[in-house]
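Input: a single structure, listed below in structure tokens.
Numbers here are sequence positions counted from 1. First listed ligand is number 1; within each ligand, the first listed atom is number 1. What you see is a predicted model; the values in this text were computed from it and never measured.
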Amino acid sequence: MSALTQLYEEINRCQRCPLSKTRTRAVPGNGPEDAEVMFVGEAPGWHEDQQGKPFVGPAGKYLNQLLNSIDLDRDKVYITNIIKSRPAGNRDPLPAEITACHPWLVRQIELIKPKMLVTLGRYSMALFFPGKTIGRIHGQEQWRDGVIYFPMYHPAAALHQQGLRPTIEADMLKIPRLLAEAKGVPEAREEPPQKQLNMF
Ligand code: URA
């Protein structure tokens with residue numbers, strides 16, 4: 001059994017927070033273990049909870065369009081969320097839920113070792129860019145230890161506020177160049193070591 005499959009089994013059995021009692025299925029993540037890009041969203045919605053897969057509802061369809069716009073095959077990227085179980089009624093995740101689920105995300109990042117990690121939405125951004133505001137830092141990459149961290153608006157936000165679409169689409173268009181840089185000579189672009197993942 002691959003390390004990723006083993007991890008999914010553990011996540012599917014997880015009862016670290018009360019969401020485990022109300023979920024239909026846990027939604028661990030999806031994509032190949034050797035993915036170069038990892039997208040980290042917020043929390044499963046109704047569709048994801050039904051299917052056990054991330055970003056398969058309306059926000060996922062828009063994410064697919066964004067990936068198509070840069071010829072990035074969805075099967076080649078890794079997609080997950082900061083919490084693996086759906087909050088009832090699609091409310092925002094609670095700090096305790098994010099904290100309880102955080103070790104799973106850390107293990108996913110350790111396994112996948114992405115060259116580029118894209119945060120989708122405020123909650124995911126807050127884990128990697130604590131204290132920052134999405135309106136100020138979206139679309140601006142940060143290098144840490146040869147990995148690019150890249151904050152974007154959440155696709156669902158752009159579905160609700162049409163005015164955000166040009167922004168999220170323009171940010172997406174930056175990914176191919178950044179990924180090429182991440183695969184090339186990261187040392188040349190390295191900035192001094194930054195604060196690592198906010199581990200709570
Ligand atoms: N929104 C998210 O943040 N994640 C999903 O998987 C689906 C919608």
Side-chain angles (χ1 to χ4, degrees), residues 4 7-8 11-12 14 16-17 19-20 22-32 35 37-69 72-109 112 114 116-129 132-135 137-139 149-162 164-165 167-169 171-172 175 197-198:
L4 207 46
L7 180 60
Y8 291 171
I11 294 173
N12 288 334
C14 178
R16 285 182 196 162
C17 83
L19 296 181
S20 58
T22 53
R23 72 183 175 221
T24 310
R25 291 172 181 227
V27 182
N30 195 232
V37 189
M38 182 164 179
F39 288 86
V40 182
E42 190 170 300
W46 185 86
H47 295 274
E48 291 77 21
D49 176 73
Q50 294 290 309
Q51 297 185 37
K53 296 212 174 81
F55 283 96
V56 289
K61 292 207 170 65
Y62 185 44
L63 179 60
N64 291 347
Q65 287 176 24
L66 292 168
L67 293 171
N68 281 340
S69 76
L72 197 52
D73 190 345
R74 178 163 169 151
D75 293 338
K76 295 220 163 64
V77 301
Y78 192 80
I79 302 179
T80 189
N81 287 301
I82 59 169
I83 65 171
K84 316 303 189 199
S85 304
R86 178 185 181 229
N90 292 348
R91 63 160 168 75
D92 290 340
L94 300 174
E97 292 159 357
I98 298 172
T99 303
C101 229
H102 195 239
W104 299 128
L105 181 61
V106 170
R107 279 179 60 190
Q108 285 171 310
I109 295 170
I112 308 291
M116 183 165 183
L117 188 150
V118 182
T119 64
L120 299 173
R122 284 182 297 133
Y123 288 88
S124 175
M125 178 207 65
L127 273 185
F128 298 92
F129 299 88
K132 302 288 189 206
T133 310
I134 192 132
I137 68 161
H138 72 87
Y149 293 81
F150 188 68
M152 285 183 58
Y153 279 103
H154 195 287
L159 288 180
H160 297 131
Q161 298 175 55
Q162 294 289 319
L164 274 183
R165 284 178 84 130
T167 305
I168 195 170
E169 288 166 15
D171 286 348
M172 196 75 176
I175 290 181
L197 261 185
N198 178 12

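- Between F129 and H138, the distance from one ring center to the other does not fall under 6.0 angstrom.
- Of the listed residues (N30, N81, T80), just one forms a side-chain contact (heavy atoms from CB on, under 4.5 Å) with F55, and that residue is N81.
- For the pair R74 and F39, the cation does not sit on the ring face, since its NZ or CZ is not both under 6.0 Å from the ring centre and inside 45° of the axis.
- For L164, the side chain to side chain contact (heavy atoms under 4.5 Å, CB included) partners are Y153, A157, A158, Q161, not counting sequence neighbours.
- Nearest approach of R91 to E97, heavy atoms of both residues: NH2-OE2, 2.6 Å.
- Residues I82 and C101 approach most closely at O-CB, 3.5 Å, considering heavy atoms.
- Protein residues are said to neighbour a ligand when one of their heavy atoms lies under 4.0 Å from it; for ligand 1 these are G41, E42, A43, E48, P54, F55, N81, H154.
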